[in-house]
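All remarks here apply to the structure that follows.
Fair warning: this is a prediction, and the values are worked out from it, not measured in the lab. Chain letters run A, B, ... following the sequence lines, proteins first and then strands; every chain starts at 1.
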2 protein chains.
Amino acid sequence: MQIVDKLAESTVQSTTVTLTERVTDALQHAIVTGDLAPGAKLNEPELARRFGVSRGPLREAISRLEARRLIRVIANAGARVVALDTGQLIALFETREALEGQAARLAAERMDTAAIEELRLLLDRHAAAISADGGRAYYQDEGDYDFHYRIAHGAGNPLLAGILLDDLYQLLRMYRFRLSAAHGRAEQALAEHGQILAAIAERDGALAELLMRRHVARGAARLTDVQGQGKKDDLSL
Amino acid sequence: MQIVDKLAESTVQSTTVTLTERVTDALQHAIVTGDLAPGAKLNEPELARRFGVSRGPLREAISRLEARRLIRVIANAGARVVALDTGQLIALFETREALEGQAARLAAERMDTAAIEELRLLLDRHAAAISADGGRAYYQDEGDYDFHYRIAHGAGNPLLAGILLDDLYQLLRMYRFRLSAAHGRAEQALAEHGQILAAIAERDGALAELLMRRHVARGAARLTDVQGQGKKDDLSL
DNA sequence: TTCGGCCAATTTGTCGACAATCTGCAAAGA
DNA sequence: TCTTTGCAGATTGTCGACAAATTGGCCGAA
């Protein structure tokens with residue numbers, strides 16, 4: 001916090017990007033990466049100076065990130081970065097399990113064969129990356145959500161995709177960032193993706209949903225295993 | 001829009017309610033009831049005059065209602081009340097099906113016996129109201145969500161409840177208001193509530209989930225039946 | 001008649017100042 | 001010494017003005 005964080009310049013000159021959008025992105029990044037720590041009090045004048053804008057767009061950014069559950073605002077008392085704890089992590093995965101299971105079911109009903117084939121190629125690329133990495137981790141970057149992102153969109157339900165990808169995704173990233181999950185079992189995760197895709201390709205919605213729900217629940221177990229090696233509840237390390 | 005809409009005064013003097021919160025409530029009400037029609041352009045100076053506040057809190061209210069999916073904002077072009085259509089209605093119910101099914105499952109695991117008994121009494125009250133009304137409709141007011149509200153809370157997952165009750169509830173109310181659903185089959189709906197509750201009381205999460213998902217899906221069918229009697233896609237009547 | 005360009009009016013985004021509320025510290029009282 | 005109260009400073013909420021972007025209407029050219 002010593003220099004003014006330069007807001008990202010738009011690389012597409014034909015679309016207008018507001019300061020609020022830029023501050024939202026920058027603030028989100030600072031939160032997800034832990035630069036602004038979980039539970040930390042957010043000071044408006046200070047952050048406005050940091051990002052080089054007035055308090056107006058900064059307040060709007062805070063409000064947007066509140067909607068994404070990264071920030072909690074109490075009227076007249078201020079805003080804080082959301083605190084992380086095991087209970088919330090479990091709640092997040094229970095919620096995602098339901099939504100991603102439904103997304104997989106709907107994808108089995110609605111995804112066209114071209115998109116399914118693209119997804120198969122995507123998993124091939126994942127497999128190659130895992131081999132190159134010696135099978136230690138399943139890094140997808142946005143790609144961990146590239147598969148899930150594709151399924152969420154393939155479900156053909158914009159509301160469902162919006163909740164998963166706009167409302168919950170950044171909170172999940174926050175946990176993943178904090179837990180530095182080297183997922184282990186990369187081949188297993190990839191195999192699960194493959195099974196889900198096979199069920200979708202066979203248009204078996206019930207099976208796709210069941211497999212996806214298991215997959216998400218196993219992801220929860222892996223993350224809580226990592227977390228179990230430290231303090232049980234407080235992730236504010 | 002001839003007089004200034006008086007913002008509701010707080011009846012609890014010990015807590016401070018911001019203008020933004022008041023404007024959010026008033027604007028939400030105007031949208032859900034159709035006073036501000038689906039698809040309508042929102043004019044900031046006009047609405048600020050209407051509610052007797054400056055544009056700042058009005059903009060904050062708009063942003064909050066965007067998070068609740070009642071408003072769609074395009075940067076530099078303005079905000080509109082969300083348009084309603086069959087596709088979105090179906091998307092809403094598919095999403096609720098997944099979430100409410102999960103809520104029922106979790107409630108079966110976690111709800112304590114006192115809360116279950118209260119819910120049983122609640123259904124008794126619902127039954128009495130239906131009898132008094134000659135069985136024509138299952139009016140619950142907030143009570144249609146009194147049962148669902150209770151289940152969502154009984155699930156013990158604040159994130160899941162938040163999505164259902166904060167993020168999606170008002171959009172659902174908007175559809176219900178518009179479709180004026182006399183649900184018909186009041187006894188059937190009540191019976192389904194009863195079956196869900198019985199499964200929860202028996203701690204049978206899988207059954208509770210299945211029954212709840214069916215119940216929500218049937219609700220979708222009823223609403224689309226009502227809507228099917230008018231224009232197929234456009235609910236902007 | 002239709003389409004494109006230009007301009008003025010309006011709306012949306014942002015700014016900085018003022019009002020309202022909260023928080024922390026110091027002093028006084030028990 | 002501990003607790004309570006009051007006050008000052010800081011922060012949050014709101015206001016109105018200015019800047020930036022959009023929209024609609026009119027005019028001219030094809």
Problem set entry | Polar contact flag, side-chain donor to acceptor under 3.5 angstrom, A:Arg68-A:Gln28 | yes

For this session: Give a yes or no answer on whether the side chain of B:Ser63 reaches the backbone of B:Arg59 with a donor-acceptor pair at less than 3.5 Å.
Result: no

Problem set entry | For atom CZ of A:Arg22 and atom P of C:dG13, their distance in whole Å | 14 Å

For this session: Determine, for A:Phe93 and A:Arg96, whether the Lys NZ or Arg CZ falls below 6.0 Å from the six-membered ring centre while staying within 45 degrees of the axis.
Result: yes

For this session: Please step through salt bridge (Lys or Arg N to Asp or Glu O under 4.0 Å) for the pair B:Asp167 and A:Arg69, ending with a clear verdict.
Result: CA-CA 12 Å; B:Asp167 294 359; A:Arg69 298 177 161 81; 3.2 Å; yes

Problem set entry | Parallel, tilted or perpendicular: ring planes of A:His215 versus A:His193, cut at 30 and 60 degrees | perpendicular

Exercise. With respect to the phosphate group of D:dT22, does any side-chain polar atom (N or O) of B:Lys41 fall under 4.0 Å of OP1 or OP2?
Worked result: no

Exercise. When you measure from every atom of DNA chain C, which of residues 55-63 of chain A have a heavy atom less than 4.0 Å away?
Worked result: A:Arg55, A:Pro57

Exercise. Of all the base pairs, Watson-Crick or G-U under 3.5 Å, which form stems of three or more consecutive pairs involving DNA chain D?
Worked result: C:1-30 with D:1-30

Problem set entry | Rounded distance (Å) that lies between atom P of C:dT14 and atom CD of B:Glu44 | 11 Å

Exercise. Does A:Tyr175 use its side chain to pair, donor to acceptor, with the backbone of A:Gln170 at less than 3.5 Å?
Worked result: no

Exercise. Quick check, are the ring centers of A:His153 and A:His148 under 6.0 angstrom apart?
Worked result: no

For this session: Would you give the length of the straight line joining atom CG of B:Leu159 to atom OG1 of A:Thr95, rounded to the nearest 0.5 angstrom?
Result: 4.0 Å

Exercise. Taking only side-chain nitrogens and oxygens of B:Thr20, does any of them come within less than 4.0 Å of OP1 or OP2 of D:dT14?
Worked result: yes

Problem set entry | Interatomic distance, B:Arg80 CZ vs C:dT12 C1' [rounded to whole Å] | 14 Å

For this session: Mark yes or no for whether B:Arg80, through its side chain, and B:Arg72, through its backbone, hold a donor-acceptor pair below 3.5 Å.
Result: no

For this session: Could you tell me the separation between the CG atom of A:Leu19 and the P atom of D:dC18, rounded to a whole number of Å?
Result: 20 Å

Exercise. Does any residue of residues 66-76 of chain A have a heavy atom under 4.0 Å from DNA chain D, and if so, which ones, in number order?
Worked result: A:Ala75, A:Asn76

Exercise. Is B:Arg213 paired with B:Glu209 through a side-chain N to carboxylate O contact shorter than 4.0 Å?
Worked result: yes

For this session: Using the side chain to side chain donor-acceptor pair (under 3.5 Å) rule, take A:Glu94 and B:Gln102 through it: C-alpha gap first, then chi angles, then the decisive distance, then the call.
Result: CA-CA 8 Å; A:Glu94 284 171 353; B:Gln102 183 78 317; 5.9 Å; no

Problem set entry | Rounded distance (Å) that lies between atom P of C:dT12 and atom CD of A:Glu21 | 15 Å

Exercise. A:Leu42 has an atom CG; how far is it from atom P of D:dG13, in whole Å?
Worked result: 12 Å

Problem set entry | Distance in angstrom units between B:Glu46 CD and C:dT10 C1', rounded | 12 Å

